[in-house]
Peer 1: 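Dropping the structure in here first, questions after.
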Amino acid sequence: MYFVRGRKVGPCCVLLRGSRPAERTNYGRLRNFSRPADYFCWLNPIGKPMSVRRSSVAALLASQELDREVLVKGWVRTRRGNKFVQFIAVNDGSTIHSIQVVANAETFPEEKLKAEGVENGAAVAIRGTLVASQGKGQTVEIQATDIEVYGAADTTTYPLQKKGHTLEFLREIAHLRPRTNTFGAVLRLRHALAFAVHQYFNDNGFFYVHTPIITGSDAEGAGQMFRVTTLPEQNPPLNEAGQVDYGQDFFGKATNLTVSGQLEGEIAAMALGKVYTFGPTFRAENSNTARHLAEFWMIEPEMAFYDLQDNMDLAEDFLKYLVRYALEKCQDDLKFLTEHYDKELLTRLQFVVDNDFQRLTYTEAVDILKSAKQKFEFPVDWGTDLQSEHERYLVEKHFKKPVILTNYPKDIKAFYMKLDEDGRTVRAMDVLFPGIGEIIGGSQREENLEKLQQRMQEMHVPEEDLWWYLDLRRFGSAPHAGFGLGFERLVLFVTGMANIRDVIPFPRFPRSAEF
RNA sequence: GCUUCCUUAGCUCAGCCGGUUAGAGCAUCUGACUGUUAAUCAGAGGGUCCCUGGUUCGAGCCCAGGAGGGAGCGCCA
């Protein structure tokens with residue numbers, strides 16, 4: 001039994017008179033009661049309004065259950081109105097959509113809302129009634145009964161305005177850009193794709209292995225590496241030759257951040273069958289493009305008993321699964337990105353899901369490029385690597401679909417790729433996507449010890465550093481294959497963003513490691 | 001690393017042939033407005049013209065060097 005204004009009331013629902021929050025429907029229900037009342041309220045044992053569980057904006061917007069008390073917490077996107085009614089758009093990141101909060105100006109006059117800081121950017125908690133919206137543009141809204149400001153945001157200094165910002169400007173305020181519609185959408189998509197990666201592999205019998213981030217081998221030749229050391233910056237110990245003596249370093253040898261988990265992935269594949277890695281990767285190259293990062297995330301499946309054909313089948317099925325997953329789970333975000341950044345995005349994604357990738361050999365591609373009417377800045381010649389313009393021609397002009405190129409000349413590919421019978425080409429495969437270029441690079445691996453050793457000698461890869469890698473060919477060697485998928489390039493493709501720095505929360509690139 | 005373009009108000013950008021007090025839209029602030037959708041309308045405030053040096057009677061504008069950013073290329077995922 002509780003007491004309200006000295007009166008005994010029911011166990012938790014009380015009827016109150018006087019000025020009431022704008023809960024029309026609740027008021028209507030109260031007319032069934034015999035006593036006169038203006039509104040009801042659920043109270044806790046100490047007479048305070050009972051706590052309502054917080055709902056996400058996504059859940060409220062999808063709710064069919066109206067005329068109930070709700071609690072939402074989030075950040076104000078806009079506030080507007082007049083001396084009769086105030087509108088507050090609240091977004092909590094659960095969806096790209098904001099929920100409209102309607103505040104009766106009798107209870108919440110504009111001056112009061114301003115004074116408390118209910119403005120663009122503020123963090124707020126709003127209690128009220130979920131009702132059908134009177135206005136156009138949304139089906140439900142919240143009639144506010146209580147507004148609490150957790151943290152105000154000074155309108156004169158808060159960098160995010162109620163207007164569009166350029167992506168370049170937002171890059172300078174990476175700590176605030178997740179609060180924008182665009183980055184909310186990108187980050188939700190990024191999450192969905194990461195989750196889908198694990199889902200796909202788990203459903204298909206792959207095991208997730210953690211390959212090292214600090215590595216002692218500088219062997220793969222995948223590019224410049226970041227050095228990892230605890231030696232003092234000033235006057236590090238020197239060896240007899242006058243060079244830095246890494247024998248005295250933390251690991252007793254020179255170490256770097258990984259440029260690929262592939263070689264270690266092969267170890268796991270030769271035991272567990274089908275494995276994948278999904279982790280950060282570091283390249284210290286001075287790459288200044290919209291497709292490169294110094295720190296990025298790479299997915300590298302590696303499969304025992306797979307040949308190049310199996311590898312291609314997996315890559316295509318995997319990519320289609322990921323795109324399909326995004327199309328199913330992130331409709332609202334993709335719709336937003338299509339409308340604001342890339343009008344062709346949704347049709348392009350659907351096209352990738354619906355159509356087979358074009359598969360052809362490097363040699364066939366060179367023939368096509370040589371007979372192309374288009375003039376290229378760089379000439380096409382068998383034996384040289386294809387330029388971006390050549391890849392773009394094949395994907396965007398000639399085939400107009402994703403392309404898998406295979407069997408590249410051995411001299412332009414890595415030492416571990418399996419040599420073809422002709423001895424001129426290797427069983428490599430690159431998956432080329434429109435706008436992105438190479439999204440996947442992979443190969444069947446050379447499992448023959450002698451052939452692998454010969455390739456290593458030809459390409460000056462030191463055998464002593466990779467004794468363990470060669471052991472895999474000495475003991476129970478088997479055909480196997482794998483590939484690397486640059487996660488950010490996938491996100492780039494699926495979101496329709498133009499710059500890879502806009503699909504990772506905190507991009508790392510030359511001269512930039514802020515945040 | 002190479003090529004090229006850019007840097008003017010909080011943001012996005014104009015700024016003529018080198019010439020008086022550097023402008024607009026949005027944002028901000030003030031006021032008006034009975035349900036708005038990046039609300040609308042009226043008014044106000046707001047500038048190290050990226051930095052350094054030079055040419056000139058005079059530089060936002062021309063020249064040199066530096067810094068930062070974009071796009072393209074290379075390296076690759």
Side-chain angles (χ1 to χ4, degrees), chain A residues 22 77-89 97-106 110-111 114 119-121 131 133-138 141 143 153-173 180-181 220-224 259-262 280-300 315 340 376-378 385-392 412-414 430-433 436-442 483-493 498-502 509-512 514:
Chain A
R77 284 294 173 79
T78 73
R79 183 191 54 72
R80 55 179 172 265
N82 50 50
K83 67 174 64 163
F84 295 90
V85 63
Q86 291 281 313
F87 300 96
I88 306 158
H97 302 296
S98 298
I99 194 162
Q100 174 161 284
V101 173
V102 183
N104 188 323
E106 275 179 41
E110 188 167 31
E111 307 79 65
K114 279 186 182 179
E119 299 276 17
N120 179 32
V131 297
S133 177
Q134 292 176 39
K136 293 171 186 171
Q138 59 279 318
E141 63 194 20
Q143 286 282 349
D154 184 352
T155 51
T156 60
T157 52
Y158 183 54
L160 290 175
Q161 303 172 354
K162 291 187 285 188
K163 54 167 280 187
H165 291 291
T166 60
L167 295 169
E168 291 80 15
F169 173 67
L170 292 174
R171 258 172 238 155
E172 295 168 10
I173 50 167
T180 62
N181 286 332
E220 204 204 333
Q224 286 294 309
V259 293
S260 166
Q262 179 201 316
T281 311
F282 308 88
R283 305 256 169 110
E285 258 128 28
N286 192 10
S287 297
N288 292 289
T289 80
R291 299 184 312 282
H292 289 86
L293 290 166
E295 176 184 293
F296 63 100
W297 289 68
M298 190 152 63
I299 298 145
E300 294 176 291
H340 288 86
F376 296 112
E377 190 186 341
F378 294 91
D385 211 354
L386 298 181
Q387 305 285 317
S388 295
E389 57 175 341
H390 304 141
E391 294 179 350
R392 269 211 309 277
I412 59 173
K413 286 294 181 183
D430 282 4
V431 181
L432 310 179
F433 261 33
I436 309 293
E438 185 181 341
I439 194 168
I440 277 179
F483 61 81
L485 167 66
F487 183 58
E488 281 76 16
R489 289 195 179 172
L490 171 73
V491 182
L492 201 54
F493 178 75
N499 194 313
I500 203 163
R501 297 166 188 180
D502 296 330
F509 52 94
R511 296 192 307 281
S512 178
E514 193 65 58

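Because the structure is predicted, anything quoted here is derived from the model rather than measured.
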Peer 1: In Å and rounded to the nearest 0.5 Å, what is the NE2 to CZ distance from A:H390 to A:F378?
Peer 2: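 The CZ atom of A:F378 is 8.0 Å from NE2 of A:H390, to the nearest 0.5 Å.
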Peer 1: For B:G35, take OP1 and OP2 only and decide whether either is under 4.0 Å from a side-chain N or O of A:N82.
Peer 2: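 So the side-chain polar atoms of A:N82 do come within 4.0 Å of the phosphate oxygens OP1 or OP2 of B:G35, strictly under.
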Peer 1: In this structure, how many angstroms lie between the C1' atom of B:G74 and the CD1 atom of A:I412, rounded?
Peer 2: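 Atom CD1 in A:I412 sits about 15 Å away from atom C1' in B:G74.
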Peer 1: By nearest atom, which of the nucleotides B:U12, B:U28, B:G74 is closest to the A:S388 side chain?
Peer 2: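 The nucleotide sitting nearest to the side chain is B:G74.
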Peer 1: Roughly how many Å is it from CD in A:E391 to C1' in B:C75, rounded to a whole number?
Peer 2: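 Value for this atom pair: 13 Å.
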Peer 1: If you only use heavy atoms from C-beta on, which nucleotide in B:G35, B:A77, B:C26 is closest to the side chain of A:S133?
Peer 2: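 Shortest atom-to-atom distance from the side chain points to B:G35.
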Peer 1: Quick check: any donor-acceptor pair below 3.5 Å linking the side-chain of A:E168 to the base of B:G70?
Peer 2: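 It does not, because no donor-acceptor pair links the side chain of A:E168 to the base of B:G70 below 3.5 Å.
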Peer 1: Ignoring hydrogens and angles, answer whether the base of B:U28 and the side-chain atoms of A:Q161 contain a donor-acceptor pair closer than 3.5 Å.
Peer 2: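 No, the side chain and the base share no sub-3.5 Å donor-acceptor pair.
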Peer 1: Want to know the stems of RNA chain B: at least 3 consecutive Watson-Crick or G-U pairs with distances under 3.5 Å, which are they?
Peer 2: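 So far as stems of 3 or more pairs are concerned, RNA chain B shows B:1-7 with B:67-73, B:10-13 with B:23-26, B:28-32 with B:40-44, B:50-54 with B:62-66.
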Peer 1: Side chain of A:T155, heavy atoms from C-beta onward: which of B:G35, B:U28, B:A77 has the nearest atom to it?
Peer 2: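 Of the candidates, B:U28 comes closest.
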Peer 1: Under 4.0 Å, counting only non-hydrogen atoms across every strand here, what does A:Q387 touch: a base, just sugar-phosphate, or nothing?
Peer 2: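 Sugar-phosphate only.
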Peer 1: Can you tell me the distance, in whole Å, between the NZ atom of A:K83 and the C1' atom of B:U36?
Peer 2: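 After rounding, the gap between these two atoms is 16 Å.
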Peer 1: Nearest to the A:T166 side chain among B:U12, B:G35, B:G70, which nucleotide is it?
Peer 2: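 For the A:T166 side chain, the nearest candidate turns out to be B:U12.
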Peer 1: Tell me whether A:F87 and B:G35 count as stacked here, given that the ring centres must be under 5.5 Å apart and the planes must differ by less than 30 degrees.
Peer 2: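 No, A:F87 does not stack on the base of B:G35, since the centre distance and plane angle fail the 5.5 Å and 30° test.
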Peer 1: Between the main-chain N or O of A:K136 and the side-chain N or O of A:Q138, is there a donor-acceptor pair closer than 3.5 Å?
Peer 2: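 Answer holds: yes.
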Peer 1: For a quick check of understanding: with a heavy-atom distance under 4.0 Å over all strands, which category does A:T157 fall into, base, sugar-phosphate or nothing?
Peer 2: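 Answer is nothing: A:T157 stays at 4.0 Å or more from every strand.
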Peer 1: Rounded to whole angstroms, how far apart are NZ on A:K163 and C1' on B:A9?
Peer 2: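 Distance, rounded to whole Å: 11 Å.
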Peer 1: For B:G69, does OP1 or OP2 lie under 4.0 Å from any side-chain N or O of A:R501?
Peer 2: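 Checking A:R501 against B:G69: no side-chain N or O falls below 4.0 Å of OP1 or OP2.
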Peer 1: Using the C1' atom as the reference point in each nucleotide, state the distance between B:C49 and B:A9 in Å, no decimals.
Peer 2: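 Those two atoms are separated by 10 Å.
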Peer 1: What nucleotide among B:A77, B:C73, B:C11 has an atom nearest to a side-chain atom of A:R291?
Peer 2: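 Comparing B:A77, B:C73, B:C11 against the side chain of A:R291, the answer is B:C73.
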Peer 1: Can you check the A:N120 CG to B:C29 P distance for me, whole Å?
Peer 2: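 The answer, rounded to whole Å, is 10 Å.
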Peer 1: Go through B:U28, B:G69, B:C11 for me and flag the one nearest to the A:F169 side chain.
Peer 2: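 Among the listed nucleotides, the one closest to the side chain of A:F169 is B:C11.
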Peer 1: Counting only side-chain nitrogens and oxygens, does A:R489 get under 4.0 Å of the OP1 or OP2 atom of B:C76?
Peer 2: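 The answer is no; no side-chain N or O of A:R489 sits under 4.0 Å from OP1 or OP2.
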Peer 1: Under 4.0 Å between any heavy atoms, over every strand shown, what does A:E141 touch: base, sugar-phosphate, or nothing? Just pick one.
Peer 2: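 Base contact.
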Peer 1: Determine: side-chain N/O of A:R80 to OP1/OP2 of B:C33, distance under 4.0 Å, yes or no.
Peer 2: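 For A:R80, the contact criterion (side-chain N or O under 4.0 Å from OP1 or OP2 of B:C33) is not met.
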Peer 1: Let me confirm one number: the CD1-OG1 distance from A:I88 to A:T78, rounded to the nearest 0.5 Å.
Peer 2: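 A:I88 CD1 to A:T78 OG1: 9.0 Å, rounded to 0.5 Å.
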Peer 1: With hydrogens left out and only the distance checked, is there a donor-acceptor pair under 3.5 Å joining A:Q138's side chain and the base of B:G35?
Peer 2: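 No such pair is found, so the answer is no.
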Peer 1: Just checking A:L490: base, sugar-phosphate only, or nothing, at a heavy-atom cut-off of under 4.0 Å?
Peer 2: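 Here A:L490 touches no strand at all.
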Peer 1: Determine whether a donor-acceptor pair (one donor, one acceptor, N or O, separation below 3.5 Å) exists between the side chain of A:S287 and the base of B:C76.
Peer 2: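 No, no donor-acceptor pair under 3.5 Å.
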Peer 1: Please walk me through it: do A:H292 and A:I500 pass side chain to side chain contact (heavy atoms under 4.5 Å, CB included)?
Peer 2: CA-CA 7 Å; A:H292 289 86; A:I500 203 163; 5.7 Å; no
Peer 1: With a 4.0 Å cut-off on N to O distance, would you call A:E110 and A:R79 a salt bridge?
Peer 2: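 Salt bridge between A:E110 and A:R79, a charged N being under 4.0 Å from a carboxylate O: yes.
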Peer 1: State which residue, out of A:H97, A:R77, A:H340, fulfils the side chain to side chain contact (heavy atoms under 4.5 Å, CB included) condition with A:N181.
Peer 2: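 Among A:H97, A:R77, A:H340, the one meeting side chain to side chain contact (heavy atoms under 4.5 Å, CB included) with A:N181 is A:R77.
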Peer 1: Could you give the CZ-to-P distance, from A:R392 to B:A71, as a whole number of Å?
Peer 2: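 Atom CZ in A:R392 sits about 14 Å away from atom P in B:A71.
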Peer 1: Where the side chain of A:N499 is concerned, which of B:G70, B:C76, B:G69 is the nearest nucleotide?
Peer 2: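 When the side chain of A:N499 is considered, B:G70 is the closest of B:G70, B:C76, B:G69.
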Peer 1: Under 4.0 Å, counting only non-hydrogen atoms across every strand here, what does A:G164 touch: a base, just sugar-phosphate, or nothing?
Peer 2: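 Base: the residue A:G164, judged by heavy atoms under 4.0 Å, touches a nucleobase.
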Peer 1: When you measure from the side chain of A:K114, which nucleotide among B:A77, B:U30, B:G35 comes out closest?
Peer 2: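 The closest nucleotide is B:U30.
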Peer 1: Regarding B:C11, can its base be found pairing with the side chain of A:H165 as donor and acceptor, where the two atoms are less than 3.5 Å apart?
Peer 2: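 Check fails, no donor-acceptor contact within cut-off.
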Peer 1: Need one value for A:G135: base, sugar-phosphate or nothing, where a base atom within 4.0 Å counts as base even if backbone is also close, heavy atoms only.
Peer 2: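 The answer is base, as A:G135 lies within the cut-off (heavy atoms under 4.0 Å) of a base atom.
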Peer 1: For A:I440, report the nucleic acid contact type (base, sugar-phosphate, nothing); a contact means any heavy atom under 4.0 Å.
Peer 2: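 Here A:I440 touches the backbone only, sparing every base.
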Peer 1: Whole-Å distance between B:G72 P and A:F376 CZ?
Peer 2: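 One finds 18 Å between P of B:G72 and CZ of A:F376, rounded.
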Peer 1: What does A:R77 touch in the nucleic acid at a heavy-atom separation under 4.0 angstrom: a base, only the sugar-phosphate, or nothing?
Peer 2: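 Answer is nothing: A:R77 stays at 4.0 Å or more from every strand.
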Peer 1: Where the side chain of A:S287 meets the backbone of A:T289, is there a donor-acceptor pair that is under 3.5 Å apart?
Peer 2: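 No; zero donor-acceptor contacts below 3.5 Å.
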Peer 1: Between the side-chain atoms of A:Q143 and the base atoms of B:G35, is any donor-acceptor pair under 3.5 Å?
Peer 2: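 Per atom types, the contact qualifies.
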Peer 1: Okay, side chain of A:E488, backbone of A:W297: is any donor-acceptor separation there less than 3.5 Å?
Peer 2: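 Yes: the side chain of A:E488 pairs with the backbone of A:W297.
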Peer 1: Got a donor-acceptor contact below 3.5 angstrom from the A:N120 side chain to the A:L160 backbone?
Peer 2: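 A pair under 3.5 Å: yes.
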Peer 1: Tell me the interatomic distance from A:E172, atom CD, to B:G68, atom P, rounded to whole angstroms.
Peer 2: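 Those two atoms, CD and P, are 13 Å apart.
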Peer 1: Please name all residues satisfying side chain to side chain contact (heavy atoms under 4.5 Å, CB included) with A:F282, sequence neighbours left out, ordered by chain then number.
Peer 2: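 With sequence neighbours excluded, A:F282 shows a side chain to side chain contact (heavy atoms under 4.5 Å, CB included) to A:I213, A:F226, A:L257, A:T258, A:P280, A:E295, given in chain and number order.
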